[in-house]
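Order of listing sets the numbers, starting from 1, for every ligand and every atom in it. As a basis for the values below, the full set of heavy atoms in this structure was taken, side chains included, without hydrogen atoms, waters or symmetry mates.
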Amino acid sequence: MPSTELRQTVLTTARSVVVKIGTQLLTSENGDTPSLDAAFIRQIAKQVAQLRKDGRRVTLVSSGAVGAGCVSLGIEKRPTDLAELQAVAAIGQRQLMTEWHKAFSRYKLSVGQVVLTRTDFDDRVRFLNIRNCVNKLHELGSVPILNENDAVAVDELRFGDNDLLAAMTTNALRADALLLLTTVDGLLDENGKLIDLIDDMSTYQGLTRAGSSKWGRGGMSTKLEAAKLVMDAGEVSVIASGLEDNIVTRVLAGEKLGTVCLPAGRKMDSRQRWIALTARPSGTIGIDDGACKAICDKHKSLLASGVTQITGRFDRGDILLVRSETGKELARGLTNYSAEELRLIMGKRSSQFQKLLGNAAYDEVIHRDNLVVLG
Ligand code: GLU
């Protein structure tokens with residue numbers, strides 16, 4: 001199908017959509033004191049309510065907790081002290097949800113708050129529970145509103161920005177589309193012209209700078225990173241301006257707005273999404289050319305005989321990143337052996353495992369069913 005037609009089809013048929021809204025859109029500098037922009041929030045609520053009537057499920061990822069908290073406390077800069085940032089977010093999150101609650105009550109819709117940290121996505125059971133909870137909120141006639149749990153998140157627990165949280169949520173829910181709303185029209189080329197369609201992300205990564213707003217985090221480069229996670233899962237993402245009227249309903253009606261990042265091909269199932277795109281690997285292994293051909297071209301399991309390098313500490317059942325001899329990321333999968341065990345059997349045949357380990361539970365280091373080869 002030609003790209004323009006594919007764009008139209010995937011967006012107009014999307015039933016479940018995640019919409020991420022950045023801090024800059026949610027806060028208003030108008031008036032004497034800047035505050036949460038109630039008019040903007042009402043605008044979004046109106047569109048979400050309309051889409052629900054049309055049978056489409058919208059899950060919101062709302063930033064703005066830190067911004068709202070700072071404003072109400074009269075703090076002029078995003079705090080750098082972790083405890084202060086957490087406390088400010090705790091105050092702002094409540095204010096943020098109050099605004100969303102007010103806006104949605106006009107349409108007789110309740111809101112459900114879900115706050116998450118990075119580790120919630122690393123754990124398979126929690127990953128599945130995110131989907132169960134959000135789906136149930138929809139069934140109960142409520143609008144799920146997600147944010148990072150800034151009040152407890154410290155560096156190793158953080159997403160860093162809500163773009164990645166939104167992309168991982170899209171993948172966890174197996175939603176059909178992610179819409180990242182920002183204050184620019186989309187990704188612009190060197191001449192400032194909008195790039196309206198992306199089907200291969202590698203071509204565009206050089207075009208962006210890291211950057212963030214006064215209160216929030218993220219910028220165009222994290223938006224592209226987030227869009228790529230969704231493309232790799234086989235779904236569509238759109239980066240568009242939240243300053244446009246009725247942007248959510250118009251994008252989902254297939255209007256030519258924003259930068260649309262098309263699905264990279266196959267749709268991954270939930271388990272593949274978790275292994276390949278979500279959970280953080282506990283270790284890395286290097287493999288030789290023979291093993292590389294076996295897993296990538298012949299879709300076979302990974303055997304110890306092909307393992308040439310091991311980095312990190314990991315246990316059975318952990319996720320490993322598999323690299324080629326030149327360092328290229330080839331695959332991710334669940335290991336049958338711990339790092340200690342693997343060090344004893346790397347480069348060896350499975351007939352030798354019994355002697356080397358005292359047991360030989362598995363012939364494969366990563367079984368093909370637990371291995372996802374990366375695009
Ligand atoms: N979670 C942060 C907040 O609510 C925003 C993170 C971001 O800007 O992406 O303030």
Using only atom types and a distance under 3.5 Å, with no angle test, would you say the side chain of Gln47 pairs donor to acceptor with the backbone of Thr249?
yes
Keeping the roles fixed (side chain from Asp318, backbone from Asp315), state whether a donor-acceptor pair exists under 3.5 Å.
yes
Within 4.0 Å of some non-hydrogen atom of Asn147, the atoms of ligand 1 are 1 (N), 3 (C), 4 (O)
Do Ala65 and ligand 1 have an N or O pair less than 3.5 Å apart?
-> yes
| message | Whether Arg273 and Glu235 form a salt bridge (side-chain N of Lys/Arg under 4.0 Å from carboxylate O of Asp/Glu) is what I want to check. | response | yes
So for Asp161 against ligand 1, with non-hydrogen atoms under 4.0 Å, the contacting part is both
Validation row, ring centre Phe121 to ring centre Phe159 under 6.0 Å: yes
(request) State whether the shortest distance between N or O atoms of Asp150 and N or O atoms of ligand 1 falls below 3.5 angstrom. (result) yes
* Show your working on side chain to side chain donor-acceptor pair (under 3.5 Å) between Ser338 and Glu341 and close with a plain yes or no. => CA-CA 5 Å; Ser338 70; Glu341 290 167 326; 3.2 Å; yes
Notebook entry, point to check: Should Asn162 be counted as touching ligand 1, given the test is an N or O pair under 3.5 Å?
Noted result: yes
Heavy-atom closest pair (Gly317 atom, Leu334 atom, distance to 0.1 Å) is O-CD2, 3.4 Å
Ligand 1 atoms nearer than 4.0 angstrom to some heavy atom of Val66 are 3 (C), 4 (O), 10 (O)
The atoms of ligand 1 lying under 4.0 Å from a heavy atom of Gly64, numbered in the order shown, are 3 (C), 4 (O), 10 (O)
